[in-house]
Amino acid sequence: MPASDKPLDFLWFIPSSGDGAYLGSDLRARPGDPDYFRQIARAADRLGYSGVLIPTSVACEESFILAADLAAHTERLKFLVAVRPGTASPAYYARLASTLDRLSRGRLLLNIVVGGNAQELAGDGIFLPHDERYTHAREFFDVFNSLLETGEAHLDGTHIRAHHAKLGLPPFQKPRPPLYFGSSSDAAHDFAGDYVEKYLTWGEPPALVAEKIEAVRRAARAKGREVSFGIRLHFILRETDEEAWAAADRLISHLSDETISQAQEVQKNQSDSVGQERMRRLHEGRRDRLEVSPNLWAGVGLVRSGAGTALVGSPATVAARLREYQEIGIDTVIASGYPHLEEAYTVAELLFPEIGLKPAVPPLRPSFGAAQVFGGGGHGGNMKTGT
Ligand SMILES: Cc1cc2nc3c(=O)[nH]c(=O)nc-3n(C[C@H](O)[C@H](O)[C@H](O)COP(=O)(O)O)c2cc1C
């Protein structure tokens, strides 16, 4: 079957810096805590998501530790966890990754985050200019990959020295957990062609995503490699298109112009990330140009850095839009919605049947077929009348 006919690999998101029902407002804001993250992970595990992305930033819980906790509370779910070159040595990261892969019996996926926020990078002791961060990342992953694949590494690099490094315990997955990576600069595309298994993009319109896919594909093929592709998107799904657009409006209904301009200042001035700038340019902080491509709404990006667009619509509409991304080579979706627990159910219940995905836990038999049981109310199963 052509790659675009295969069901999408569909992951969800752990909001490890906190959650809420409205953007840019304290109303119904929901601080994250370990039990809440477990609730989301357990919901994702049973609903049929293949994994969850755990983000990394100074505002988030530490991603390896959180993933280790969530792995103990789930059965199938995979964890896409960030490796940030420069924040620790490749040998130390190799030990973290190997142990987490072993503890979870092969449920670790790695997300390479080179970073673009100057303040955060400086706080971590990283002062390299943009493109040099990718040279550094190359040396980092030469050591990291070699340790995970062979147990040994030795490098006298420009940025990294690792002498006779050893890893005693190999990861569960062979040759090692797969490397995912999302960045949009030319240096990043070359790096992706050389090192990563899956290239990720934030939710830009299909034509812009297609350009990046082509660039990464070209870089990979020049090295005799193949890379696969994923997209990170929010979802605002309701039974009808009208209801979905009303939900999108509601999500930013408590967002002030002042909050938007403060967030836009940060996105513009504190980051040298090409990916972030591409997302910002889609809307330029303006409320009146948020549908940046059919059913692709940039309202989230008014205040949130990084993933700033949502697919908005009924299940049939959103499935059709996803199909457009599949046709240009996307095989993986990393999804989210506010709040993340409720919307994990909404997306799975409304969208998964449209795109050929099934819950991981088959439903229990609802009844022996009795027509009406006391307390039934018309929701299905033993609550049906007249069966
Ligand atoms: C799907 C996806 C997930 C990302 N996750 C994170 C993250 O958790 N933390 C972070 O600081 N940056 C994250 N990034 C940002 C990139 O890793 C990268 O640092 C940034 O885009 C700068 O690269 P560029 O200038 O080459 O675009 C993510 C990007 C994508 C596409």
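We count ligands from 1, going down the list as the structure has it; atoms in each ligand are counted the same way. Residue numbers count from 1 along this sequence.
Note: no N/O pair closer than 3.5 Å links Thr201 and ligand 1 by distance alone. In terms of N/O distances under 3.5 Å, ligand 1 is not approached by Leu53. Note: no N/O pair closer than 3.5 Å links Ser57 and ligand 1 by distance alone.
The closest side-chain donor-acceptor pair between Glu265 and Asn269 falls under 3.5 angstrom. Side-chain contact annotation: His163 with Asp156, donor-acceptor N/O pair under 3.5 Å present. Donor-acceptor pairing under 3.5 Å is lacking for the side chains of Asp124 and Thr87. Defined by atom type and a distance below 3.5 Å, a donor-acceptor pair is missing between the side-chain atoms of Arg46 and Thr74.
Considering only non-hydrogen protein atoms, atom 12 (N) of ligand 1 sits nearest to Val113 CG1, 3.4 Å. Looking from atom 23 (O) of ligand 1 to the surrounding protein, the closest heavy atom is Tyr134 OH, 3.0 Å. Closest protein heavy atom to atom 20 (C) of ligand 1: Ser273 OG, 3.5 Å. Among protein heavy atoms, atom 19 (O) of ligand 1 sits closest to Gly115 N, 2.7 Å. The nearest protein atom to atom 17 (O) of ligand 1, hydrogens excluded, is given as Gly182 O, 3.3 Å; this is a heavy-atom distance. Looking from atom 8 (O) of ligand 1 to the surrounding protein, the closest heavy atom is Thr56 N, 2.9 Å.
Because its NZ or CZ atom is not both nearer than 6.0 Å to the ring centre of Tyr49 and within 45° of the ring axis, Arg76 does not count as a cation-pi partner of that residue.
Under the 6.0 Å cut-off for aromatic ring centres, Tyr338 and His234 qualify, their centroids lying closer than that. A centroid separation of 6.0 Å or more is found between the aromatic rings of Phe13 and Phe235. Aromatic pair Phe191/His189: centroids not less than 6.0 angstrom apart. Phe229 has its ring centre no less than 6.0 Å from the ring centre of Tyr325.
Closest heavy-atom approach to atom 15 (C) of ligand 1 within the set Trp202, Phe13, Phe181: this belongs to Trp202. Between the choices Arg278, His189, Arg133, Arg232, the shortest heavy-atom distance to atom 1 (C) of ligand 1 belongs to Arg232.
Against a heavy-atom cut-off of under 4.0 Å, Gly275 is close to the following atoms of ligand 1: 27 (O). Short contacts between ligand 1 and Leu200, defined as distances under 4.0 Å to a heavy atom of the residue, involve ligand atoms 1 (C), 31 (C). Taking every heavy atom of Pro55 and a limit of under 4.0 angstrom, the matching atoms of ligand 1 come to 8 (O). Of all atoms in ligand 1, listed by their number and element, those nearer than 4.0 Å to a heavy atom of Ala188 are 26 (O). Per-residue contacts place Ser184 under 4.0 angstrom from the following atoms of ligand 1 (heavy atoms of the residue considered): 24 (P), 26 (O), 27 (O).
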Review point. Passes salt bridge (charged side-chain N to carboxylate O under 4.0 Å, His left out), Asp69 versus Arg38? Steps please.
Key: CA-CA 8 Å; Asp69 179 81; Arg38 287 174 202 146; 2.8 Å; yes
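Within the 4.0 Å heavy-atom cutoff, Ile334 does not count among the residues contacting ligand 1. Taking a 4.0 Å cut-off on heavy atoms, Arg84 registers as neighbouring ligand 1. Taking a 4.0 Å cut-off on heavy atoms, Glu120 fails to register as neighbouring ligand 1. Residue contact check for ligand 1: Gly306 places no non-hydrogen atom closer than 4.0 Å to it.
Annotation for Gln276: atom CD counts as buried by contact number, over 12 foreign heavy atoms lying within 6.0 Å.
Heavy atoms of Ser183 found under 4.0 angstrom from ligand 1 belong to the backbone as well as the side chain. Heavy atoms of Asn111 found under 4.0 angstrom from ligand 1 belong exclusively to the side chain. Residue contacts with ligand 1, taken as heavy atom pairs separated by less than 4.0 Å, do not involve Tyr199 at all.
Ile236 and Leu11 fall into different hydrophobic clusters, where Ile, Leu, Val, Met, Phe, Trp and Tyr side chains are chained together by heavy-atom contacts under 4.5 Å.
Taking the six-membered ring where tryptophan is involved, the planes of Phe141 and Phe144 are perpendicular, since the angle between them exceeds 60° and thus also 30°.
Checked for salt-bridge contact, Arg133 and Asp272 meet the test: a charged N lies under 4.0 Å from a carboxylate O.
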